[in-house]
Amino acid sequence: MMHQIDTTAVTSYLRELQDRICDALTALDGTACFTEESWSRDEGGGGRSRVMAGGRIFEKAGVGLSEVQGTQLPPSATAQRPELVGMAWKAMGVSLVIHPENPWVPTSHANVRFFVAESPDREPVWWFGGGFDLTPFYPIDEDCTHFHRVAKSALDPFGSDYYPEFKAACDRYFYLPHRNETRGIGGLFFDDFNALGFSQSFALMRAVGDAFLPAYIPIVEARHTCAYTEQQRQFQLYRRGRYVEFNLVYDRGTLFGLQSGGRTESILMSMPPLVRWEYGYQPEPESDEARLGAYLVPREWL
């Protein structure tokens, strides 16, 4: 029933989460701050986009909050859910992408979100979604294991099946078919989730949102002072191209945002500040760059 769905509580949590993550990243970087833009959309709702640029550690970090609504869903949302055609909807979430300057520090992404569609003659349709994932350029096994250990610990209180299920979903989702490789070493991904009822499904979403900082920050702290070469920096920029390819071609959130008339600057703030493509690039055999290929296939980290 609709009275069991507390969108106010979801909004309150998402706002607090954005604040908490931005505060942690600001404190860690120590030199740069987030700038904020509040925005609105004609059809209803809006959000606040926060971007840090040119920091000591973070070359660019974007942490966006959106709370949008409308009367007609875009094709990207109804293609696999035709029952939603014609329903009024609300969508809210926090989404972030962090691009560190040091190639030894992985890029990372996180997102938690809630969606509800309503019609006077039907029960509301609602679900939670989200997750987080890690994209290293020079993978270190202990970092990858730590990231997945925190992910598993966040989900274990809700049932032992959720980590392997959401981990496998992440490996499937963050995959570039045209490159035949995953975007990174995975993490968690879930969508259309309402299996535990509103209260516990919301609790699971919060557990995932709360786990991002403990999963990622220790890796940044351990690696941001590592020395790197110009060659390694150029490889990082080359590999960032894969991130751009995924976001523009496959990412559901990007497609939904653009097709639903969202704010383009906010939707694309996940893009790295610098990136390059190189035709026919092949790493030197047995180099650290070549070694990355072994990490771009799903594997069990725990």
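- The shortest distance between side-chain heavy atoms of Trp39 and Ser66 falls below 4.5 Å.
- For the pair Arg291 (side chain) and Pro139 (backbone), a donor-acceptor distance under 3.5 Å is present.
- Taking the centre and axis of the six-membered ring of Tyr175, the NZ or CZ atom of Arg183 falls outside the cone set by 45° and 6.0 Å.
- Residues Tyr243 and Val275 are members of separate hydrophobic clusters, defined by side-chain heavy-atom contacts under 4.5 angstrom among Ile, Leu, Val, Met, Phe, Trp and Tyr.
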Could you walk me through whether Phe235 and Tyr138 pass the ring-ring contact (aromatic ring centres under 6.0 Å, His included) check?
CA-CA 10 Å; Phe235 181 70; Tyr138 293 94; 5.6 Å; yes
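- Using modelled atom types, one side-chain atom of Ser287 and one backbone atom of Glu284 make a donor-acceptor pair closer than 3.5 Å.
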Assess the residue pair Asp23 and Phe34 against the criterion (side chain to side chain contact (heavy atoms under 4.5 Å, CB included)); give the C-alpha distance rounded to whole Å, side-chain angles, the decisive distance to 0.1 Å, and a yes or no.
CA-CA 9 Å; Asp23 289 346; Phe34 282 91; over 6 Å; no
Applying side chain to side chain contact (heavy atoms under 4.5 Å, CB included) to Asp141 and Trp301, what does each step give before you reach the verdict?
CA-CA 9 Å; Asp141 283 2; Trp301 287 103; 4.0 Å; yes
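- For the residue pair Arg233 / Gln236, a side-chain donor-acceptor distance below 3.5 Å is found, with atom types taken as modelled.
- Within 6.0 Å of CD on Glu265 lie no more than 12 heavy atoms contributed by other residues, nucleotides or ligands.
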Test log, rule ring-ring contact (aromatic ring centres under 6.0 Å, His included), inputs Tyr228 and Trp104
CA-CA 8 Å; Tyr228 62 90; Trp104 289 100; 9.2 Å; no
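- At a threshold of 4.5 Å between non-hydrogen side-chain atoms, the residues Arg56 and Glu101 do not count as touching.
- Shown are Glu36, Gln18, Glu37; of these, the side-chain hydrogen bond (donor to acceptor under 3.5 Å, both in side chains) with Arg48 is made only by Gln18.
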Stepwise ring-ring contact (aromatic ring centres under 6.0 Å, His included) check, Phe128 with Phe193
CA-CA 5 Å; Phe128 291 95; Phe193 185 81; 8.0 Å; no
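- The closest side-chain donor-acceptor pair between Tyr163 and His148 falls under 3.5 angstrom.
- Residues Glu118 and Trp126 are not in side-chain contact: their nearest non-hydrogen atoms beyond the backbone lie 4.5 Å or more apart.
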Worked check of side-chain hydrogen bond (donor to acceptor under 3.5 Å, both in side chains) between Thr135 and Thr107:
CA-CA 5 Å; Thr135 306; Thr107 285; over 6 Å; no
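- The shortest distance between side-chain heavy atoms of Ile57 and Leu28 falls below 4.5 Å.
- The distance between the ring centers of Tyr216 and Phe132 does not fall below 6.0 angstrom.
- For Phe58 and His224, the gap between ring centers reaches or exceeds 6.0 Å.
- There is no path of hydrophobic side-chain contacts, each under 4.5 Å, that joins Ile185 to Leu176.
- For Lys90, the NZ atom sits in a loose shell: 12 or fewer heavy atoms of surrounding residues, nucleotides or ligands are nearer than 6.0 Å.
- The main-chain N or O of Val51 is found under 3.5 Å from a side-chain atom of Thr35 such that the two form a donor-acceptor pair.
- Just one of Val125, Thr71, Val116, Val68 meets the side-chain contact (heavy atoms from CB on, under 4.5 Å) condition when paired with Trp89; it is Val68.
- Of all non-hydrogen atoms in Lys60 and Met271, the two that sit nearest each other are NZ-O, 2.7 Å.
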Go through the steps to decide whether Phe190 and Phe166 satisfy the test ring-ring contact (aromatic ring centres under 6.0 Å, His included), and finish with yes or no.
CA-CA 6 Å; Phe190 67 103; Phe166 292 177; 5.0 Å; yes
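- Residues Leu188 and Asp133 form no side-chain contact, since every pair of their non-hydrogen atoms from C-beta on lies 4.5 Å or further apart.
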Step by step, work out the salt bridge (Lys or Arg N to Asp or Glu O under 4.0 Å) result for Glu165 and Lys152.
CA-CA 11 Å; Glu165 178 186 338; Lys152 182 177 184 298; over 6 Å; no
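- Thr11 places a side-chain N or O within 3.5 Å of a backbone atom of Thr7 that can act as its donor or acceptor partner.
- Annotation: side chain of Glu300 is in contact with side chain of Lys167 (closest heavy-atom distance under 4.5 Å).
- Under the 4.5 Å side-chain heavy-atom criterion for ILVMFWY residues, no single connected hydrophobic cluster contains both Leu296 and Trp277.
- More than 12 heavy atoms of other residues, nucleotides or ligands lie within 6.0 Å of CD in Glu278, so this atom counts as buried by the packing criterion.
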Tell me, with the steps shown, if Met205 and Tyr13 meet side chain to side chain contact (heavy atoms under 4.5 Å, CB included).
CA-CA 10 Å; Met205 185 268 270; Tyr13 169 75; 4.0 Å; yes
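- Annotation: side chain of Ile21 is in contact with side chain of Leu96 (closest heavy-atom distance under 4.5 Å).
- Between the Ser119 side chain and the Arg122 main chain, no donor and acceptor come within less than 3.5 Å of each other.
- Of the N and O atoms on the side chains of Asn247 and Thr254, not one donor lies less than 3.5 Å from an acceptor on the other residue.
- In this structure, Ile5 and Phe114 have side chains that are in contact, with non-hydrogen atoms separated by less than 4.5 Å.
- Residues Phe246 and Tyr173 bring their aromatic ring centres within 6.0 Å.
- Shown here for Arg240 and Leu274, the closest heavy-atom pair between the two residues is NH1-O, 3.0 Å.
- Of all non-hydrogen atoms in Leu255 and Leu248, the two that sit nearest each other are CD2-O, 4.4 Å.
- Closest non-hydrogen pair, Cys22 versus Val63, comes out as SG-CB, 3.8 Å.
- Between Ala195 and Tyr162, the closest heavy-atom pair is CB-OH, 4.4 Å.
- Other residues, nucleotides and ligands place more than 12 heavy atoms under 6.0 Å from the CD atom of Glu230.
- Linking ILVMFWY side-chain heavy atoms closer than 4.5 Å, directly or via other members, places Ile267 and Ile98 in two distinct hydrophobic clusters.
- Looking at Ser201, its side chain does come within 3.5 Å of a backbone N or O of Gly197 through a donor-acceptor pair.
- A single hydrophobic cluster is not seen to contain both Leu258 and Tyr250; linkage of ILVMFWY side chains at heavy-atom distances under 4.5 Å, directly or through other members, places them apart.
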In sequence, state the C-alpha distance, the side-chain angles, and the governing distance for Val150 and His146, and then conclude on side chain to side chain contact (heavy atoms under 4.5 Å, CB included).
CA-CA 6 Å; Val150 174; His146 163 79; 3.6 Å; yes
Apply the test salt bridge (Lys or Arg N to Asp or Glu O under 4.0 Å) to residues Asp19 and Arg15: give CA-CA distance (whole Å), side-chain angles for both, the deciding distance (0.1 Å), then the verdict.
CA-CA 6 Å; Asp19 290 342; Arg15 288 176 169 267; over 6 Å; no
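- Shortest non-hydrogen contact noted between Phe137 and Arg239 is CD2-CB, 3.6 Å.
- Residues Phe174 and His109 place their aromatic rings such that the two centres sit under 6.0 Å apart.
- Cation-pi geometry between Arg113 and Phe115 is not satisfied (NZ or CZ under 6.0 Å from the ring centre, within 45° of the ring normal).
- A cation-pi arrangement is found for Arg299 relative to Tyr295, the charged atom lying closer than 6.0 Å to the ring centre and inside a 45° cone about the ring normal.
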